[in-house]
**Q** 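This is the structure, below, for whatever I ask next.
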Amino acid sequence: MTTAPGLVRVGVSGWRYPSWRGDFYPRGLVQRRELEYIGERMSSAEINGSFYSLQRPESYVRWRDSVPGGFVFAVKGPRYITHMLRLRSAGTALSNFFASGPLALGPKLGPILWQLPARHPFEPDTLDAFLASLPRTTAAALEIARGHDSRLTGRTWLEIDEDRPLRHAIEPRSDSFADPAFADMLRERDVALVVADSAQEFPMFDAVTSDHVYVRLHGSQELYMSGYTAEELDEWAARVRAWADGSGCPDGAPRDVYVYFDNDGRGFAPHDAVALEARLAAVPTG
């Protein structure tokens, strides 16, 4: 019996960039249709506004309704939790985040991304406690959301259409996370370790620690600024195929793969995403 490969989704980190207008986006395309344009050409996107501030439920609903079925959003967890609270005493902040609207995405809700600052070292007890607090289903996320504080009054989304698994991925940026105990912790918690290409500004980790692989491509030569060559895209396509069919995973089991281009400083991200998606056309995308 042949095991089916994992699903592969490719997209960009954010989509509202003025420099893309008249370049990737056709001249004259109205701003409210830019995400629709993305949805016609890619299979996923990261919502990164949620990193900087809590978004509103009506925004999540609008994003959900702008893309076709099968499209999936990754949602970036708030920097208030990762950079300011440093993962400590984050219960209320988690409640406010999940109450703010991500559950409105319904079947289009993909992984939640937690990006740590470079100054954040591997602190096993703190990190394990945080990972243990993360909801693993949308029903569990709903229960957490109900604990929101008064700042969210009148701007919450507290419903789900059905209970679904909820995935998480973490992107550390300190060399201290090379500790094998970190990867073991992620495997135990079924959290993906982000494979991040950061032009050697930050370490690249590549351990497979979950039922999915999460990739962020920030630029290979210049952080956020450089595009990917055809040869580099071929190499990434080969890695993605290997994760998806299991040949690139230690246990040989296929993984779903999410790939996001974050090299948007000079507008390369959407072009690179489309180019990689074309290379992976033979891999199922849902």
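Since the model is a prediction, treat every value here as computed from it, not as a measurement. When reading the values below, keep in mind they use all heavy atoms of this one structure, side chains included, and skip hydrogens, waters and symmetry mates.
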**Q** Are the side chains of V215 and R239 in contact, using a 4.5 Å heavy-atom criterion?
**A**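 Of all side-chain heavy-atom pairs linking V215 with R239, none is under 4.5 Å.
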**Q** Heavy-atom count check: over 12 atoms from other residues, nucleotides or ligands less than 6.0 Å from E162 CD?
**A**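 Correct, the count exceeds 12.
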**Q** Enter the distance from S43:OG to L280:CG here, rounded to the nearest 0.5 Å.
**A**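 The distance works out to 9.0 Å.
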**Q** Please list every donor-acceptor pair under 3.5 Å in which a side-chain atom of residues 259-267 meets a protein atom from a residue at least two apart or in another chain.
**A**
unit_1: Y260; atom_1: OH; unit_2: S44; atom_2: OG; d: 2.6
unit_1: D262; atom_1: OD2; unit_2: H218; atom_2: ND1; d: 2.9
unit_1: N263; atom_1: ND2; unit_2: S226; atom_2: O; d: 3.0
unit_1: N263; atom_1: ND2; unit_2: D272; atom_2: OD2; d: 2.8
unit_1: D264; atom_1: OD2; unit_2: Y17; atom_2: OH; d: 3.1
unit_1: R266; atom_1: NH1; unit_2: E222; atom_2: OE1; d: 3.1

**Q** Do the side chain of R241 and the main chain of G248 share a donor and acceptor less than 3.5 angstrom apart?
**A**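 It does not hold such a pair.
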**Q** Taking only Lys NZ, Arg NE, NH1 and NH2, and the carboxylate oxygens of Asp or Glu, determine whether R189 and D128 approach each other closer than 4.0 Å.
**A**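 Yes, charged N to carboxylate O under 4.0 Å.
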**Q** Which residue in the set R167, R187, R255 passes salt bridge (Lys or Arg N to Asp or Glu O under 4.0 Å) when paired with D211?
**A**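 The residue from R167, R187, R255 that satisfies salt bridge (Lys or Arg N to Asp or Glu O under 4.0 Å) with D211 turns out to be R167.
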**Q** Just by distance, do the side chain of T137 and the backbone of P165 share a donor-acceptor pair under 3.5 Å?
**A**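 Checked: no pair found.
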**Q** For H120, does its backbone N or O pair with a side-chain atom of R86 as donor and acceptor, under 3.5 Å?
**A**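 No, the answer is negative, given that no donor and acceptor are paired below the 3.5 Å cut-off.
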**Q** Is any side-chain heavy atom of I38 closer than 4.5 Å to a side-chain heavy atom of F24?
**A**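 They are in side-chain contact.
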**Q** Taking the side chain as every heavy atom from C-beta outward, state whether D256 and V8 have any atom pair closer than 4.5 Å.
**A**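 They are not in side-chain contact.
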**Q** Taking the side chain as every heavy atom from C-beta outward, state whether L85 and F130 have any pair of such atoms under 4.5 Å apart.
**A**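 Result no, sub-4.5 Å side-chain heavy-atom pair not found.
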**Q** Indicate yes or no: at least one non-hydrogen side-chain atom of L193 is less than 4.5 angstrom from one of F182.
**A**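 Yes; the side chains approach each other to less than 4.5 Å.
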**Q** Does the Y228 side chain pair with the main chain of G219, one donor and one acceptor, at a distance under 3.5 Å?
**A**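 Answer holds: yes.
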**Q** Quick one about Y224 and E201 (side-chain donor to acceptor, distance below 3.5 Å, no hydrogens or angles considered), yes or no?
**A**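 Checked: E201/Y224 side chains show no N/O donor-acceptor pair below 3.5 Å.
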**Q** Please walk me through it: do D251 and V208 pass side-chain contact (heavy atoms from CB on, under 4.5 Å)?
**A** CA-CA 9 Å; D251 59 3; V208 176; 5.9 Å; no
**Q** Just to verify, what does H168 make a side chain to side chain contact (heavy atoms under 4.5 Å, CB included) with, not counting sequence neighbours?
**A**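 Per chain and number, H168 pairs via side chain to side chain contact (heavy atoms under 4.5 Å, CB included) with F98, I112, W114, L134, P135, R136, L166, V191.
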**Q** Look at the aromatic rings of W243 and W236 and report parallel, tilted or perpendicular, splitting at 30° and 60°.
**A**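 Taking W236 first and then W243, their aromatic rings sit tilted (interplane angle of 30° to 60°).
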**Q** Mind checking whether F97 and I170 sit in one hydrophobic cluster, side chains of I, L, V, M, F, W, Y counted as touching below 4.5 Å?
**A**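 Linked within one cluster.
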**Q** Are there more than 12 heavy atoms of other residues, nucleotides or ligands under 6.0 Å from atom CZ of R146?
**A**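 For R146, atom CZ is crowded (more than 12 foreign heavy atoms under 6.0 Å).
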**Q** Within the 4.5 Å heavy-atom criterion, are M204 and V195 side-chain neighbours or not?
**A**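 Answer yes - side chains close enough.
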**Q** Under 3.5 Å, which donor-acceptor pairs link side chains of residues 68-80 to any protein atom two or more places apart or in another chain?
**A**
unit_1: K76; atom_1: NZ; unit_2: Q115; atom_2: OE1; d: 3.0

**Q** Is the side chain of T156 donor-acceptor paired with the backbone N or O of A99 at a distance under 3.5 Å, no angle test?
**A**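 Side chain of T156 to backbone of A99: no pair is present.
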**Q** Measuring only between side-chain heavy atoms, which start at C-beta, is R155 closer than 4.5 Å to L54?
**A**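 Yes - at least one pair of side-chain heavy atoms lies under 4.5 Å apart.
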**Q** If you draw the axis of the six-membered ring of Y37, does the NZ or CZ of R41 fall within 45° of it and under 6.0 Å from the ring centre?
**A**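 The answer is yes, since R41 meets both limits relative to Y37.
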**Q** I want to check something: taking the side chain as every heavy atom from C-beta on, are Q55 and W63 in contact at a cut-off of under 4.5 Å?
**A**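 Q55 vs W63: side chains touch.
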